Amino acid sequence: MYNLKLMKSKIVIAHRGASGYLPEHTLEAKAMAYAMNPDFIEQDLVLSKDDVPIVIHDIYLDDVTDVATKFADRKRIDNRFYVIDFTFDELKKLKVTERFNPKTGEQVYPNRFPIWKGNFKLHSLQEEIEFIQGLNKSTGKNIGIYPEIKEPNFHQKEGKNLTKIVLKILADYGYKTKQDNCILQCFDAKELEKIRKELKSDLFLIQLIEFEKETKQLTHFATFADGIGPWYKQILSEKTDGKFSFTSLVSDAHKLGLKVHPYTFRADDLGEFSSFEEMMQTLFIDAKIDGGFTDFPDKVISFLKKKKLY
Ligand code: G3P
Ligand code: CA
């Protein structure tokens with residue numbers, strides 16, 4: 001039996017928080033997302049040198065922080081600065097900013113929160129869970145977490161076991177089964193399969209999908225995962241006379257009992273859509289997805305409310 005949220009017809013996942021409005025994965029972006037009432041708030045996870053899971057999108061630090069000026073001599077041979085080379089105390093000294101290209105210094109989404117303004121910091125998974133659980137207590141809401149195990153192979157090569165550390169923290173905070181308000185996601189299918197079959201986790205598991213060939217492996221994914229998280233373009237086929245047709249991905253997944261939570265809906269990056277409304281109508285209604293990751297939870301929720309689906 002699932003957590004009640006997963007029985008809802010549509011769920012909204014705040015992707016890196018309300019990251020369309022505030023720098024991604026900051027507690028400020030999480031607070032803003034929380035106030036918008038999504039079903040889940042996402043946490044991407046990477047280990048520090050001293051084994052603290054940090055909430056950050058990449059194994060690198062140099063596209064969302066001032067590490068290159070504060071710790072100029074700590075870059076690796078590839079000129080990148082790695083989360084795993086810094087202790088939690090060192091990471092706390094960094095200033096976090098809106099995502100930018102470290103080669104040019106240019107902001108990736110120019111109309112978002114201004115680069116280098118504000119006073120944002122990195123934080124741990126434990127800090128974020130306590131923040132969300134604290135808000136759940138003070139508001140009486142019950143918003144869930146949606147952590148992602150990032151690059152398990154990279155961690156293993158560095159002699160670290162991110163999954164083991166994360167599963168222990170989740171269990172300590174009461175996230176152990178599908179009834180708990182947590183969904184665990186990973187792009188690495190071997191790791192997710194291990195989480196279910198060897199580590200015997202009973203959490204709700206989402207297999208993220210990056211490559212086209214993985215869309216053909218749903219039968220295998222269904223032996224360990226409860227759902228898939230594809231790139232939304234893998235659901236779309238052609239646009240003819242202003243209307244999209246679809247691949248069989250959603251119906252194939254549904255036949256196997258898998259939920260479908262595509263990424264990432266951005267109001268400032270619409271791809272082939274002419275409006276956010278069209279994007280929402282096409283994916284949530286016409287393609288029948290079960291939920292989605294968005295940098296703009298307020299806009300998705302407002303659309304679903306209008307359709308009486310939220
Ligand atoms: O995890 C789903 C979504 O976040 C897509 O992946 O690269 O943004 O972590 P990414
Ligand atoms: Ca993610």
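Ligands are counted one by one from 1 in listed order, and the atoms in each one are counted from 1 as well. Every value quoted in this text rests on a predicted model; they were computed, and no experiment measured them.
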Practice problem: State the atom name: nearest N, O or S atom of Glu148 to the Ca ion (ligand 2). | Solution: OE1
Exercise. Would you check whether His261 reaches within less than 4.0 Å of ligand 1, judged by its heavy atoms?
Key: no
Quiz prompt | Residue His57 vicinity, atoms of ligand 1 by number, heavy atom under 4.0 Å | solution = 7 (O), 8 (O), 9 (O), 10 (P)
Quiz item: Are any of the N/O atoms in Thr264 less than 3.5 Å from those in ligand 1?
Solution: no
Quiz item: Is the number of heavy atoms from other residues, nucleotides or ligands within 6.0 Å of NZ (Lys176) greater than 12?
Solution: no
Exercise. Identify, by atom number and element, the atoms of ligand 1 in contact range of Phe187, meaning under 4.0 Å from any of its heavy atoms.
Key: 6 (O)
Quiz item: Are the side chain of Gln43 and the backbone of Tyr146 linked by a donor-acceptor contact shorter than 3.5 Å?
Solution: yes
Quiz item: Is it the case that Ser48 and Asp50 place a side-chain donor and acceptor less than 3.5 Å from each other?
Solution: yes
Quiz item: Against heavy atoms of Phe293, which atoms of ligand 1 measure under 4.0 Å?
Solution: 2 (C)
Self-check item: Numbering as shown, the atoms of ligand 1 that approach Lys150 to under 4.0 Å (heavy-atom distance)
Solution: 7 (O), 9 (O), 10 (P)
Self-check item: Contacting atoms of ligand 1, where contact means under 4.0 angstrom from a heavy atom of Gln185
Solution: 1 (O), 2 (C)
Quiz item: With a cut-off of 4.0 Å, which atoms of ligand 1 are near a heavy atom of Leu208?
Solution: 1 (O), 2 (C)
Quiz item: Does the distance from a Lys or Arg side-chain N to an Asp or Glu carboxylate O, for Arg74 and Glu90, drop under 4.0 Å?
Solution: yes
Quiz item: For ligand 1, which atoms have a heavy atom of His15 less than 4.0 angstrom away?
Solution: 3 (C), 4 (O), 8 (O)
Practice problem: Please find out if less than 6.0 Å separates the ring center of Phe131 from that of Tyr34. | Solution: no
Self-check item: Closest approach to the Ca ion (ligand 2) by Asp44, given as the N, O or S atom name
Solution: OD1
Exercise. Verify whether one side chain among Ser19 and Asp295 offers a donor that lies under 3.5 Å from an acceptor in the other.
Key: yes
Practice problem: Tell me whether Leu199 is reachable from Ile165 by hopping between hydrophobic residues (I, L, V, M, F, W, Y) whose side-chain heavy atoms are closer than 4.5 Å. | Solution: yes
Quiz prompt | Side-chain donor-acceptor contact under 3.5 Å, Gln126 with Tyr173 | solution = no
Self-check item: Residues Lys164 and Asp51 bridged, charged N to O under 4.0 Å
Solution: no
Self-check item: Backbone or side-chain N or O of Tyr263 under 3.5 Å from ligand 1 N or O
Solution: no
Quiz prompt | Per-atom contacts of ligand 1 with Glu148, taking only distances under 4.0 Å to non-hydrogen atoms | solution = 1 (O), 9 (O)
Practice problem: Quick one: report the N, O or S atom of Glu42 that is nearest to the Ca ion (ligand 2). | Solution: OE2
